[in-house]
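Reviewing the structure listed below.
In the text below, chain A, chain B and the rest are named by the order of the sequence lines, each starting its count at 1.
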Number of protein chains: 2
Amino acid sequence: MEMEEGAVIQHGETSVSKAPPLPPPGRRSVIVSRLLSVTDIVLRFLAIGGTAASAIAMATTSETLPFSMPFVRFRAEYSDLPSFMFFVVANSVVCGYLVLSLPASVVHVFRPRARCSRVALVFFDTVMLALVTAGASAAAVIVYLAHRGSAKPNWFGICQQLTSFCGRVTGSLVGSFAAAVMLVTLVFLSALALAGRA
Amino acid sequence: MEMEEGAVIQHGETSVSKAPPLPPPGRRSVIVSRLLSVTDIVLRFLAIGGTAASAIAMATTSETLPFSMPFVRFRAEYSDLPSFMFFVVANSVVCGYLVLSLPASVVHVFRPRARCSRVALVFFDTVMLALVTAGASAAAVIVYLAHRGSAKPNWFGICQQLTSFCGRVTGSLVGSFAAAVMLVTLVFLSALALAGRA
């Protein structure tokens, strides 16, 4: 129970005679901070969904064509390309981190003036943003090459053959880029909460 | 000139009789905040150097081999590959932003309790971190492919022929990744300054 300034009951005074308790200083900033923390939790859940969906969609994709040619194997899996493996690992790591960061985010709803945990979250959110962006970008380059190829180094597109594989890996990028946008927003919300704390 | 708490000269009192001025509350936090702001400026200069060097190194690289084969042109430039173009654009944009953000960073040395500008810097630093990481990652994937190739989609390495080109584009990644690390540190420093402000 909070004891508010200006509401201390003096000796011999009854509780009936005292003035109605005034809102403590900064009550509005506490409410704003709690609202930010709740938004933080919602965004974390969405980012967990995005990264998990991306990692699963990429990791479970494979396609084998019913014909083959010498020197060209028409079987494609995510593990064929290091970029796709990095994408799966990066999304899994970020998803795991986001799950682990949820308790800290919940604590901020009840302790809106927390400082150290918020600064730690800003740091780790920023590192995870870099990781998920690197993964998504690396996979996007390979998806682009698979679709369009590149004339100068004679890298031909493979999506004319592997339509289902290409469709799924392209789709799996969406969740990852969405998670990156959410992590930017999370860092911004934490900075706002830190700025409005005093 | 700052007028400090507890050092107000009363009517009829001489300046000789007053007590030595006490440090105002939060003086230590102001010094720490200024130290953080100076570090911020230094890191911004280093990141400007890193992104500018990366963009220039990539944009000025080209190599033509003294022989050619049908269907294979042995002339390489950064504009041949969209990833390298994105790398140059991303690094140029981030470099431009960092130059423009310097005045705000200098203002923080003299106004350590600034809030809005710090929150704005955190937001834009985070967006720029995502941009420079995406650019560096996209270019790194192509550099990896150029060096090692990829067996499954029949993309052959081109660095056996284009040794000078590959060496320079590989080197140009260093400045970009270093700038990404500095931007993570900048976001962390801003969060620390916001946390220690009160």
Side-chain angles (χ1 to χ4, degrees), chain A residues 71-77 80-83 86 113 115-116 118-123 125-127 129-142 144-146 148-158 162 180-181 183-188 190-198, chain B residues 71-77 80-83 86 113 115-116 118-123 125-127 129-142 144-146 148-158 162 180-181 183-188 190-198:
Chain A
F71 309 115
V72 184
R73 277 188 63 191
F74 285 101
R75 171 163 177 84
E77 269 183 335
D80 293 340
L81 289 151
S83 288
F86 175 52
R113 281 158 200 275
R115 283 200 293 183
C116 292
R118 273 192 206 279
V119 173
L121 272 192
V122 166
F123 177 69
D125 284 354
T126 313
V127 173
L129 165 69
L131 185 60
V132 80
T133 310
S137 177
V141 168
I142 297 294
Y144 179 88
L145 272 183
R148 305 274 299 269
S150 186
K152 288 289 172 71
N154 267 17
W155 294 335
F156 297 108
I158 52 170
L162 300 161
V181 173
L183 278 164
V184 170
T185 318
L186 282 171
V187 171
F188 180 57
S190 292
L192 270 184
L194 279 170
R197 191 181 41 78
Chain B
F71 310 115
V72 184
R73 279 190 64 191
F74 285 100
R75 172 164 175 81
E77 269 183 336
D80 293 341
L81 289 152
S83 288
F86 175 54
R113 281 160 199 273
R115 283 201 294 181
C116 292
R118 272 194 207 278
V119 174
L121 272 193
V122 166
F123 177 69
D125 283 354
T126 313
V127 173
L129 165 68
L131 185 61
V132 80
T133 311
S137 176
V141 168
I142 296 294
Y144 179 88
L145 272 182
R148 306 274 299 268
S150 186
K152 289 288 172 71
N154 267 19
W155 294 335
F156 298 108
I158 51 171
L162 300 161
V181 173
L183 278 164
V184 170
T185 318
L186 282 172
V187 172
F188 180 57
S190 292
L192 269 184
L194 279 170
R197 191 180 42 79

Practice problem: Would you name the heavy atoms of A193(A) and R118(A) that are closest together and state the gap between them? | Solution: CB-NH1, 3.4 Å
Exercise. Let me know if S83(A) has heavy atoms under 4.5 Å from chain B in its side chain, its backbone, both or neither.
Key: side chain
Quiz prompt | Taking every non-hydrogen atom, the tightest pair across A191(B) and V119(A) | solution = O-CG2, 3.9 Å
Quiz item: What are the two closest non-hydrogen atoms of A134(A) and S137(B), and how far apart are they?
Solution: O-OG, 2.6 Å
Quiz prompt | Segment of L131(B) engaging chain A (4.5 angstrom heavy-atom cut-off) | solution = neither
Exercise. Give the minimum heavy-atom separation between G196(B) and R115(A), together with the two atoms involved.
Key: CA-NH1, 3.9 Å
Quiz item: For Y144(B), is it the side chain, the backbone, both or neither that has a heavy atom under 4.5 Å from a heavy atom of chain A?
Solution: side chain
Exercise. Please round to the nearest 0.5 Å and tell me the distance separating atom SG of C116(A) and atom CG of L121(A).
Key: 11.5 Å
Practice problem: Return the option, out of V132(A), L81(A), L145(A), with the maximum number of heavy-atom pairs under 4.5 Å with chain B. | Solution: L145(A)
Self-check item: When F86(A), F156(A), W155(A) are compared by non-hydrogen pairs under 4.5 Å with chain B, the top option
Solution: W155(A)
Quiz item: Do you know which of D125(B), T185(B), T133(B), V181(B) has the most heavy-atom pairs under 4.5 Å to chain A?
Solution: T133(B)
Exercise. Could you tell me which portion of L183(A) (side chain, backbone, both or neither) has an atom closer than 4.5 angstrom to a non-hydrogen atom of chain B?
Key: neither
Quiz item: Considering only heavy atoms, which portion of I142(A) lies under 4.5 Å from any heavy atom of chain B: side chain, backbone, both, or neither?
Solution: both
Quiz prompt | Leading residue by heavy atom contact count with chain A [cutoff under 4.5 Å; candidates P82(B), G149(B), A120(B)] | solution = P82(B)
Self-check item: F188(B): ring-ring contact (aromatic ring centres under 6.0 Å, His included) partners, not counting sequence neighbours
Solution: F123(A)
Quiz prompt | Interatomic distance, L194(B) atom CG to R113(B) atom CZ [nearest 0.5 angstrom] | solution = 12.5 Å
Exercise. Report the option among A180(A), A139(A), G157(A), A130(A) that has the most heavy-atom pairs separated by less than 4.5 Å from atoms of chain B.
Key: A130(A)
